[in-house]
Chemist: 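The structure under discussion is supplied below as structure tokens; questions concerning it will follow.
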Amino acid sequence: MTEILLILLASIVLAFPLGLYLARVMRGGPMRGDALFAWIEKPLYRVLGVNPLRGMSWRGYVGAFLLSNLVIAVLVQAVFMTQAWLPFNPDQIPNMRWDTALHTMVSFLTNTNQQHYSGQAQLSYFSQMTAITGLQVVTPMMGLALVVATLRALFCTAPEGEPADPALPADRRIDLGNYYADVVRSCVRFMLPLCLLWAVLLTSQGVPSTLVGGPTATPIDAAAGMDSQKLPLGPVAAMVAAKQLGTNGGGWYGPNSSMPLENPTPLSNTLELIGILLIPIAVVFMLGAFTGRKRLAGLVFGCMLAMSSVSVAATVWLEGHSATAASPLLMEGKEVRFGADGTGLWAAITTQVSNGSVNGMHDSLSPLAGAVPMVNMLINAIWGGIGCGLQQFIVYLLLGVFLAGLMTGRTPELLGRKLETPQVRLLALLVLLQPITILAFTAITLAIPSITGTSNPAFHGVSQVFYEYVSAFANNGSGFEGLGDATPWWNLSCTLVLLLGRYPVLVIPLIVCAQLAAKRRAPESAGTLQIETPTFALTLIALIVILTVLQFMPALVLGPVADHLSLTLR
């Protein structure tokens, strides 16, 4: 218990100054170190052919976001399908199959890192360093850029730059900043230095950091039927740093952070857990400094911390201290170095954040403990991914304002701007998109046994399928790894779910807030809804529970709840 509290406390303490620094980076104003960073940034702007001082409307910002993703997608797909002929391939890894390459590309492009392959066996060093680690650095900063643009629209916090043309329509005059400048500045001034620090710390703990091919060893147990075994190494530390700090989660090795080479010591385990939480919490602190509304940041932080505490307590208790934890099979699928409590803590944190890395197999969690990560991902705003978590929370905030307005008999408004039919329709689309996507694909997959691929045909099999699609839609990437997911059906269906779970959730709130920013602002009065209060915080948490837990209760009952009852009622 002490270890859990210290990790959470250390993450919050370190995140506070980091959030203040991140706010300064994203404001775009003069900073110390400009001379150094400009030496890196200016050539990048020239290559991209952009003026970082030129602001964009929401259409321009979204267009630049989608275009950059398309270009990167083509390049990464080409790398995966030609890696056998590219350099830095000492283990002679062959090219990826097209559907696996497509799923892997989309998975890492959407900051999900869902892996239907085993990293050390199916990707070359070149693919891992460029396509995988490169996306693990860039894609979280893309999500951060979108949420910063949303905050600029919502709070009219225009960056320093050129004014918009007054002849344009109102919603196109809202200056959301420059997408390319936001991504470049956050990568160069924030993400890369932090990844460098974490990589050095992990290397000091024994995480491999080399371009040399792994050695060959002779197994001690001759009964294994192997005369020799190739030990896979590589520049692992840099990828692990990016995977944890960037809410990515995809491991260099198939067993992820349960692999001793990827997570060798108690200190490395602590560093990786703190890395998972650090930037998502820092983004919440950035909110207050960036917008000047510290009470709003307090509301968001309080709601997220309350949900996080309940999630961690429930997972650790269910996995290590409940009645089902007394089973002698408890440690199956878990790393004995970390134990049941350590596995439960990681499982809760990695799904509160859209990270998805593991230090034990989630498929081996007790049924109800396995349900908690599912709920975490369905909420997708208990800290959440970098940018994505706060963006999802803004959706809940807007819905909460709408419902509170209806309950008090007033026209719903936020910050003096009315929420009207066009905005509510877009929010309703997001609310419906999640259950329609997840439940439809789960039903189709379970209805056709030849494509299901579960290792358990009973209730646990339902959990395996449901978890995979929830993880894909939440851009989390973790899985119940008893699932045979390396097939064309799983690759292609999850690719579609990955796309639906990433782009609408990032883009639609930006559009809604840009539409609100274009409206005339009404002065606050005694009847204005106050959102920065404990009462509204409780309303938000209740709304989140209704939209996630209750909405998906039938699926949860058919999966983990029924699985639990089948074990305890025998």
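Counting begins at 1 with the first residue of the sequence.
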Chemist: Please verify the inter-ring angle class for His116 with His103; under 30° counts as parallel, over 60° as perpendicular, anything in between as tilted.
Modeler: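 His116 vs His103 ring planes: parallel.
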
Chemist: Between Arg502 and Cys388 (side chain of the first, backbone of the second, donor and acceptor by atom type, cut-off under 3.5 Å), is there such a pair?
Modeler: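 No.
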
Chemist: Find out whether Leu14 and Leu18 are in side-chain contact, i.e. whether some heavy atom of one side chain is under 4.5 Å from a heavy atom of the other.
Modeler: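 Side chain of Leu14 against side chain of Leu18, heavy atoms only: no contact under 4.5 Å found.
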
Chemist: Side-chain contact test, heavy atoms from C-beta onward, threshold under 4.5 Å: evaluate it for Leu6 versus Thr270 and give yes or no.
Modeler: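 Side chain of Leu6 against side chain of Thr270, heavy atoms only: no contact under 4.5 Å found.
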
Chemist: State the CD1-CD1 distance between Ile382 and Ile349, to the nearest 0.5 angstrom.
Modeler: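 Here the interatomic distance stands at 11.5 Å.
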
Chemist: How many angstroms lie between atom CG of Asn69 and atom CG of Leu109, to the nearest 0.5 angstrom?
Modeler: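 It is 4.5 Å, given to the nearest 0.5 Å.
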
Chemist: Measure the spacing between CG of Leu499 and CG of Asn475 and express it to the nearest 0.5 Å.
Modeler: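 The CG atom of Asn475 is 9.5 Å from CG of Leu499, to the nearest 0.5 Å.
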
Chemist: Under the criterion side-chain contact (heavy atoms from CB on, under 4.5 Å), I'd like the reasoning laid out for Ser257 against Trp346: C-alpha separation, chi angles, the key distance, then a yes or no.
Modeler: CA-CA 10 Å; Ser257 287; Trp346 193 300; 3.7 Å; yes

Chemist: Met377 and Ser471: side-chain contact (heavy atoms from CB on, under 4.5 Å), yes or no, with the steps?
Modeler: CA-CA 7 Å; Met377 293 185 292; Ser471 175; 3.9 Å; yes

Chemist: Please report the closest heavy-atom contact between Gln244 and Ser357, naming both atoms and the distance.
Modeler: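 Between these two residues, the closest heavy atoms are OE1-OG, 3.1 Å.
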
Chemist: Calculate, to the nearest 0.5 Å, the distance between atoms CG and OG belonging to Asn376 and Ser354 respectively.
Modeler: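 Separation between the atoms: 12.0 Å.
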
Chemist: Which pair of non-hydrogen atoms, one from Leu277 and one from Ser11, has the smallest distance, and what is that distance?
Modeler: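 So the minimum-distance heavy-atom pair works out to CD1-OG, 3.6 Å.
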
Chemist: Taking only residues two or more places apart in sequence, or in another chain, which ones meet Asn256 in a side-chain hydrogen bond (donor to acceptor under 3.5 Å, both in side chains)?
Modeler: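 Asn256 satisfies side-chain hydrogen bond (donor to acceptor under 3.5 Å, both in side chains) with Lys243 once adjacent residues are dropped.
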
Chemist: Would you give the length of the straight line joining atom CG of Leu245 to atom CG of Leu196, rounded to the nearest 0.5 angstrom?
Modeler: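 Atom-to-atom, Leu245:CG and Leu196:CG are 11.0 Å apart.
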
Chemist: So do Leu211 and Met129 actually touch side chain to side chain, heavy atoms under 4.5 Å?
Modeler: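 Yes. Closest side-chain heavy atoms under 4.5 Å.
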
Chemist: To the nearest 0.5 Å, how far apart are CG in Leu299 and CE in Met304?
Modeler: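 Here the rounded value is 9.5 Å.
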
Chemist: What verdict does the side-chain contact (heavy atoms from CB on, under 4.5 Å) test give for Glu262 and Met239, after you've listed the backbone C-alpha separation in whole Å, the side-chain angles of each residue and the deciding distance to 0.1 Å?
Modeler: CA-CA 10 Å; Glu262 197 163 313; Met239 179 184 178; over 6 Å; no

Chemist: Would you call the rings of Phe88 and Phe126 parallel, tilted or perpendicular, taking 30° and 60° as the class edges?
Modeler: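 Aromatic pair Phe88/Phe126 classed parallel.
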
Chemist: For Asn476, what residues pass the side-chain hydrogen bond (donor to acceptor under 3.5 Å, both in side chains) criterion, not counting sequence neighbours?
Modeler: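 Listed in chain order: Ser478.
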
Chemist: How close do Thr203 and Ser209 get, heavy atom to heavy atom, and via which atoms?
Modeler: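 Taking Thr203 first and Ser209 second, the nearest heavy atoms are OG1-CB, 3.9 Å.
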
Chemist: Angle between ring planes, Phe108 versus Tyr117, binned at 30° and 60°: parallel, tilted or perpendicular?
Modeler: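 If you compare the ring of Phe108 with that of Tyr117, the planes turn out tilted.
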
Chemist: Quick one: do the Asn355 and Thr350 side chains pair a donor with an acceptor below 3.5 Å?
Modeler: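 Distance-only check passes for Asn355 and Thr350.
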
Chemist: Yes or no on ring-ring contact (aromatic ring centres under 6.0 Å, His included) for Phe393 and Trp383, after CA distance, side-chain angles and deciding distance?
Modeler: CA-CA 9 Å; Phe393 195 91; Trp383 311 124; over 10 Å; no

Chemist: Using every non-hydrogen atom in the two residues, find where Leu233 and Tyr253 come nearest and quote the distance to one decimal.
Modeler: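 Heavy atoms of Leu233 and Tyr253 come nearest at CA-OH, 3.8 Å.
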
Chemist: With no hydrogens and no angle check, do the side chains of Asn456 and Gln464 hold a donor and an acceptor under 3.5 Å apart?
Modeler: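 Short answer, no.
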
Chemist: Taking all atoms of both residues into account, what is the closest heavy-atom pair of Phe441 and Val497, and its distance?
Modeler: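 For Phe441 versus Val497, the nearest heavy atoms are CD1-CG2, 3.6 Å.
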
Chemist: Is any side-chain heavy atom of Leu287 closer than 4.5 Å to a side-chain heavy atom of Val147?
Modeler: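 Leu287 vs Val147: side chains apart.
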
Chemist: Considering only heavy atoms from C-beta outward, does the side chain of Phe80 approach that of Thr100 to under 4.5 Å?
Modeler: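 Sidechains of Thr100 and Phe80: no contact.
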
Chemist: Judged by modelled atom types alone, do Trp489 and Thr445 share a side-chain donor-acceptor pair under 3.5 Å?
Modeler: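 Yes, a side-chain donor-acceptor pair sits under 3.5 Å.
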
